[in-house]
Protein chains: 2
Amino acid sequence: MPGTAAYPLDSVDRTILTLLQADASLSTAEIAARAGASQSSVWRRIEKLEAAGIIQRRVAILDRKKLGLNMMVFAHVKLQAHGQRTLPAFEDAIRRFPEVVECHTLLGETDYLLRVITRDTESYETFFRKHLSQVASVQFTNSSMAISEVKSTTELPLSLLW
Amino acid sequence: MPGTAAYPLDSVDRTILTLLQADASLSTAEIAARAGASQSSVWRRIEKLEAAGIIQRRVAILDRKKLGLNMMVFAHVKLQAHGQRTLPAFEDAIRRFPEVVECHTLLGETDYLLRVITRDTESYETFFRKHLSQVASVQFTNSSMAISEVKSTTELPLSLLW
DNA sequence: TATGAAAAGGGGTTGCT
DNA sequence: AGCAACCCCTTTTCATA
């Protein structure tokens, strides 16, 4: 049932999720101390949260600019006619482009919002001219380069829930 | 020096980064096997990559919808006059809103792009009316609800670099 | 079905070469 | 960088509620 947790989350679960989405390298012992439960209990709860898919995965977040990926662009894309195969064809192409790290379907004026990461402006233009704009059914795009990050986190606002 | 790695990355480092940004729960032994290096060497390289800030942090990615955060909105925001204190004031407010998980400065028509996550449409409207639109100097906003995710990853396209 | 205590096993961490 | 020892944390077992 989407929109509802598969099982109720108590305060120990909430502490686990809050801590792990901030720092996935915490030991179960450290989490247990802060959550007020035993180490083995916390370990089992984490397993359940992973099995339920509430914890999707653990990842390392890398520094884009330190690696030389200096260009980030948000591109709105609108497609032409919405035939039966237009959307799947576009979406398959998108999934194959490594430059596109996110693609969201939007309600509103444009059909898609893409987050595109490349090395620099030149490589973005190459991507745009040779790949993105070549995908059939793209009507128009509106690309905006991201200049600075005021805020950026992968942490969900769990405080809104509890 | 932004845009350049603090030190050159060889193929072992590249393998480490590629694997860890996909799955941060991999053991150093597993990474070592795939990278063709010893376990302790891989461990020390990871420490160096963390010290250099190339690996920023390790986090757990949670399932937004399973937790009941069903609403995600991308909001373009344009400010009024750009006085000396207009931007910092807006940015400070943004950083305090838990609903705003990302805020990027954009080159182009609008000033900012926000990614906002809330429980549902009602809670988004409350956030928008009582918080976002109340921030002084907001001239206009353009909010688009995200309907579905075609692609979404925190993995940087390292293949573009090497 | 979930818990805490404790044993067993594997991997992170360190010193040495 | 690699090897090996050590220590800590993950994982399992067991007893209890």
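Using a 4.0 Å cut-off between charged nitrogen and carboxylate oxygen, A:Arg115 and B:Glu102 count as a salt-bridge pair.
Between C:dA5 and A:Ser38, no contact under 4.0 Å exists linking OP1 or OP2 to a side-chain N or O. For the pair A:Lys48 and C:dA2, the criterion of a side-chain N or O lying under 4.0 Å from OP1 or OP2 is met.
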Protein proximity profile, nucleotides 5-17 of chain D - base contact B, sugar-phosphate-only contact S, no contact -, cut-off 4.0 Å on heavy atoms: ----SBBBB----

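Each salt bridge (Lys or Arg N to Asp or Glu O under 4.0 Å) pair with one or both residues in residues 31-46 of chain B, not counting sequence neighbours, appears once here: B:Asp10-B:Arg45, B:Asp13-B:Arg45.
Side-chain contact of A:Thr118 with A:Glu99: a donor-acceptor pair under 3.5 Å is absent, judged by distance alone. Using modelled atom types, one finds no donor on one side chain facing an acceptor on the other under 3.5 Å when comparing B:Ser137 with B:Gln80.
The shortest side-chain heavy-atom distance between B:Ile55 and A:Leu62 falls under the 4.5 Å cut-off.
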Return one dot-bracket line describing DNA chain C 5' to 3' (Watson-Crick or G-U wobble pairs, both distances under 3.5 Å; ( ) same strand, [ ] crossing, | another strand, . none). |||||||.|||||||||

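Of the candidates C:dA2, C:dG4, D:dG2, D:dG2 carries the atom nearest the B:Ser41 side chain, counting heavy atoms from C-beta on.
In this structure, A:Asp10 atom CG and C:dT3 atom P are separated by 7 Å, rounded to whole Å. Between A:Leu49 atom CG and C:dA2 atom C1' there is a gap of 14 Å when expressed in whole angstrom units.
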N/O donor to acceptor pairs below 3.5 angstrom from side-chain atoms of residues 155-162 of chain B, sequence neighbours left out:
none

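Qualifying side-chain hydrogen bond (donor to acceptor under 3.5 Å, both in side chains) partners for B:Glu50, counting only residues two or more places apart in sequence or in other chains: B:Arg58.
Counting side-chain heavy-atom gaps under 4.5 Å among Ile, Leu, Val, Met, Phe, Trp and Tyr, the cluster of B:Val116 also holds A:Leu107, A:Val150, B:Met71, B:Val73, B:Val77, B:Leu79, B:Leu87, B:Phe90, B:Ile94, B:Phe97, B:Val100, B:Tyr112, B:Leu114, B:Tyr124, B:Phe127, B:Phe128, B:Leu132, B:Val135, B:Val138, B:Met145, B:Ile147.
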